[in-house]
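Data first, discussion second: the structure below is written as structure tokens.
Only this structure's heavy atoms are used, side chains among them; waters, hydrogens and symmetry mates stay out. None of these values were measured; they are calculated from a predicted model.
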Amino acid sequence: VTQGLAYTGSVYWNYHVSPGRVWSENSDNGYSRASFPFALIEYNQNCTHNGEMMFLFNASGISQVRYQITQETCFLEKFDFWGQLTATYTPQTVANAQALKNNEAIEVTNRIPSKPISALTTDYPSAGINLAQFGSGITAADMTYYGIYINGVNYVSSCGTRYGNYAFCDSMRAPSYSTAKSAMAGVALLRLGQKYGTGIYNTLIKDYVPESSASAGVWTTVTLNNTLDMATGNYSLAGYEADENNNMGPFLTAVPYTTKIADAFSFPNKKAPGTTWIYHTSDTFIAGRAMNNYSLAQSGPDIFNVLVNEVYTPAKKSAGFMSTVRTDNSPTGVPFSGYGLFWTQDDVAKMVKLLNNDHGVVSGTQILNSSMLDDTLQKNSLDRGVVTSGTVPFQYNNAFWAAPPSQFTQYTCPVYIPFMSGYGGITIAMAPNGATYYYFSDNNEFSWYNAINETNKINPMCP
């Protein structure tokens with residue numbers, strides 16, 4: 001009945017619930033047995049600790065409830081957590097029960113066909129696939145799950161925990177962290193571009209986020225495009241992610257919107273907009289707020305409802321994907337934009353299918369601006385975004401990263417590989433051959449070149 005992120009009022013935990021199963025066993029003495037997946041979500045953060053609950057029930061009573069959490073995607077906090085609790089059960093009629101059942105059946109039916117990763121060798125016997133490349137470079141104990149979406153099939157790993165495989169792998173939630181910068185803020189830009197035109201690029205932040213005025217003119221000429229490219233020119237430290245690692249604490253821990261937006265606008269001006277890449281999660285928050293207010297000014301819905309109603313639902317993403325972490329620890333707060341979504345393996349496959357394979361088209365309708373999507377996925381040589389700092393000079397455009405051809409010299413054509421990246425060890429890499437490799441982990445390991453290059457054996461990067 002109620003799926004997705006639920007706010008509890010606790011200052012420690014919220015939770016996320018997905019559909020489970022009910023069945024009978026001979027030894028249960030006429031009771032029905034139920035089990036369902038859930039996740040504890042850290043207050044005001046994106047860490048996700050996956051578990052299961054189980055109990056027996058009949059029309060007159062319920063057993064105690066056992067729960068166990070032995071898996072997480074959370075670089076900073078890992079634990080096993082289990083127990084047994086008393087419970088109450090009051091039978092009642094569920095409103096719209098048949099519609100709820102039908103919706104769940106439709107969601108399951110609409111999942112992209114999936115197979116275990118090992119099926120790549122049987123589906124492509126002459127390709128010489130080396131399965132060891134998938135998941136390589138990531139400590140196995142810290143892997144949540146990984147997969148390859150290629151040629152219409154989602155080849156998936158199991159969902160491991162510290163005590164066996166997760167029983168509800170199809171429903172296991174992994175946090176987005178900064179993949180939300182792409183899948184939420186970046187995709188919101190593409191949707192607004194389709195509705196209102198590419199001029200959305202040049203929208204001035206100051207015109208749609210009134211709190212920018214507190215920055216004493218620092219944001220006067222900064223556009224939405226500059227902000228989603230992480231090139232506002234407003235920062236304190238110029239080193240690779242130096243501000244993010246040293247000066248983002250007040251913003252990340254702020255709960256009220258008023259505090260969070262004030263912290264986001266606290267950086268001084270150092271360079272002209274569009275010239276220097278400085279990674280700021282706060283900038284994506286500002287961009288999300290600007291797009292929200294732009295949509296409202298056009299008499300449209302708020303920006304997250306734009307995504308839910310006009311992108312995520314047409315793309316048939318899961319009900320649990322339709323919620324996000326918000327300010328004020330409240331379902332009516334402002335979406336974080338830069339993090340706060342919750343993926344399943346199927347949600348990942350559907351997102352990359354929309355972006356990398358269907359070019360923003362759903363059921364024959366263009367829902368994402370095609371030329372802006374070309375910019376985003378490095379298919380327009382005239383707009384590659386901004387070159388990042390750091391040891392490897394990536395491209396960053398419209399909240400999507402891209403590894404440049406200098407990283408893939410084995411190919412006979414220039415190969416850019418756009419990707420989404422998330423804190424702690426999360427990558428969703430979309431190759432120009434139509435293959436996507438993704439993994440969710442939490443040991444701060446980023447290793448995906450070998451895996452994505454392996455897909456060249458199936459679909460050549462340079463036809």
Side-chain angles (χ1 to χ4, degrees), residues 46 175-194 198 200-203 205 208-209 222-235 241 243-244 248 251 264 273-274 276-292 294-295 303-304 306-307 311-312 324-325 334-341 343 348 351-352 354-356 360 368-369 371-380 383-390 394-404 416-423 426-430 436 438:
N46 210 174
S176 61
Y177 279 108
S178 290
T179 62
K181 290 181 172 72
S182 311
M184 183 178 169
V187 170
L189 175 74
L190 300 177
R191 178 58 188 159
L192 293 180
Q194 179 62 21
T198 58
I200 189 74
Y201 271 150
N202 299 319
T203 299
I205 294 296
Y208 290 94
V209 188
V222 179
T223 66
L224 180 59
N225 191 208
N226 297 147
T227 310
L228 286 172
D229 286 353
M230 299 288 187
T232 68
N234 303 323
Y235 60 92
E241 298 198 4
D243 262 351
E244 186 76 4
M248 203 58 63
F251 168 81
T276 305
W277 181 87
I278 301 291
Y279 191 83
H280 275 178
T281 294
S282 55
D283 288 352
T284 312
F285 181 66
I286 290 169
R289 193 60 178 160
M291 289 188 287
N292 180 82
Y294 181 95
S295 178
I303 197 62
F304 195 70
V306 168
L307 288 166
V311 180
Y312 297 161
T324 186
V325 182
V334 174
F336 284 3
S337 297
Y339 55 109
L341 299 175
W343 301 95
V348 176
M351 179 60 74
V352 300
L354 173 64
L355 296 170
N356 197 37
L368 304 179
N369 186 283
S371 65
M372 295 172 72
L373 182 56
D374 283 343
D375 300 342
T376 301
L377 299 185
Q378 300 294 322
K379 295 180 180 179
N380 178 8
D383 182 2
R384 299 207 180 276
V386 182
V387 177
T388 72
S389 58
F394 295 118
Q395 303 292 138
Y396 197 89
N397 201 6
N398 298 342
F400 284 72
W401 300 77
Y416 287 87
I417 299 187
F419 64 97
M420 311 179 207
S421 185
Y423 172 76
I426 300 171
T427 299
I428 304 172
M430 300 171 288
T436 293
Y438 60 89

(request) Over 60° means perpendicular and under 30° means parallel, so classify the ring planes of Trp277 and Trp401, tilted if in between. (result) perpendicular
(request) Look at the aromatic rings of Tyr279 and Tyr396 and report parallel, tilted or perpendicular, splitting at 30° and 60°. (result)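 Rings of Tyr279 and Tyr396: perpendicular, over 60°.
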(request) Sequence neighbours left out, what passes side chain to side chain contact (heavy atoms under 4.5 Å, CB included) with Ala287? Give chain and number order. (result)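 Only Leu224, Thr227, Leu228 meet the side chain to side chain contact (heavy atoms under 4.5 Å, CB included) criterion with Ala287.
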(message) Please enumerate all residues that pass side chain to side chain contact (heavy atoms under 4.5 Å, CB included) together with Asn356, with sequence neighbours excluded.
(response)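 Counting only residues at least two positions away or on another chain, Asn356 forms a side chain to side chain contact (heavy atoms under 4.5 Å, CB included) with Leu377, Met430, Thr436.
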Distance check, rounded to the nearest 0.5 Å: [X] atom [atom1] versus [Y] atom [atom2]?
X      : Y      : atom1 : atom2 : result
Ile200 : Gln194 : CD1   : CD    : 12.5 Å
Leu373 : Leu368 : CG    : CG    : 6.5 Å
Phe336 : Met184 : CZ    : CE    : 10.5 Å
Thr232 : Ile286 : OG1   : CD1   : 7.5 Å
Leu341 : Tyr312 : CG    : OH    : 5.0 Å
Asn398 : Asn225 : CG    : CG    : 5.5 Å

With a 3.5 Å distance limit and no angle check, can you tell me whether [X] reaches the backbone of [Y] through a side-chain donor-acceptor pair?
X      : Y      : result
Ser176 : Gly340 : yes
Gln395 : Arg384 : yes
Thr376 : Met372 : yes
Asn46  : Tyr177 : yes
Ser182 : Ala399 : yes
Asn397 : Asp375 : yes
Ser178 : Tyr423 : no

(request) Any chance you could lay out the side chain to side chain contact (heavy atoms under 4.5 Å, CB included) test for Trp343 and Met351, step after step, and finish with the verdict? (result) CA-CA 10 Å; Trp343 301 95; Met351 179 60 74; 3.8 Å; yes
Locate the shortest heavy-atom distance separating [X] from [Y]; write the atom from each residue and the value.
X      : Y      : result
Thr198 : Ser371 : CG2-OG, 3.7 Å
Val386 : Ala231 : CG2-CB, 3.9 Å
Pro335 : Phe304 : CG-CB, 4.0 Å
Gly385 : Asp229 : CA-OD2, 4.2 Å

(message) Does Leu192 form a side chain to side chain contact (heavy atoms under 4.5 Å, CB included) with Leu189? I'd like the steps, not just the answer.
(response) CA-CA 5 Å; Leu192 293 180; Leu189 175 74; 5.8 Å; no
Would you indicate whether the side-chain heavy atoms of [Y] and [X] approach each other to under 4.5 Å?
X      : Y      : result
Tyr208 : Asn292 : no
Asn226 : Ile205 : no
Asp283 : Ile278 : no

(request) Hey, could you give me each pair passing salt bridge (Lys or Arg N to Asp or Glu O under 4.0 Å) that has a residue in residues 180-191? Not counting sequence neighbours. (result) Arg191-Glu310
(message) Given Phe419, which partner from the list Tyr438, Phe400, Phe394 fulfils the ring-ring contact (aromatic ring centres under 6.0 Å, His included) test?
(response)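 The option that passes is Phe394.
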(request) Would you sort out whether Thr179 and Val348 count as a side chain to side chain contact (heavy atoms under 4.5 Å, CB included), showing the intermediate values? (result) CA-CA 10 Å; Thr179 62; Val348 176; over 6 Å; no
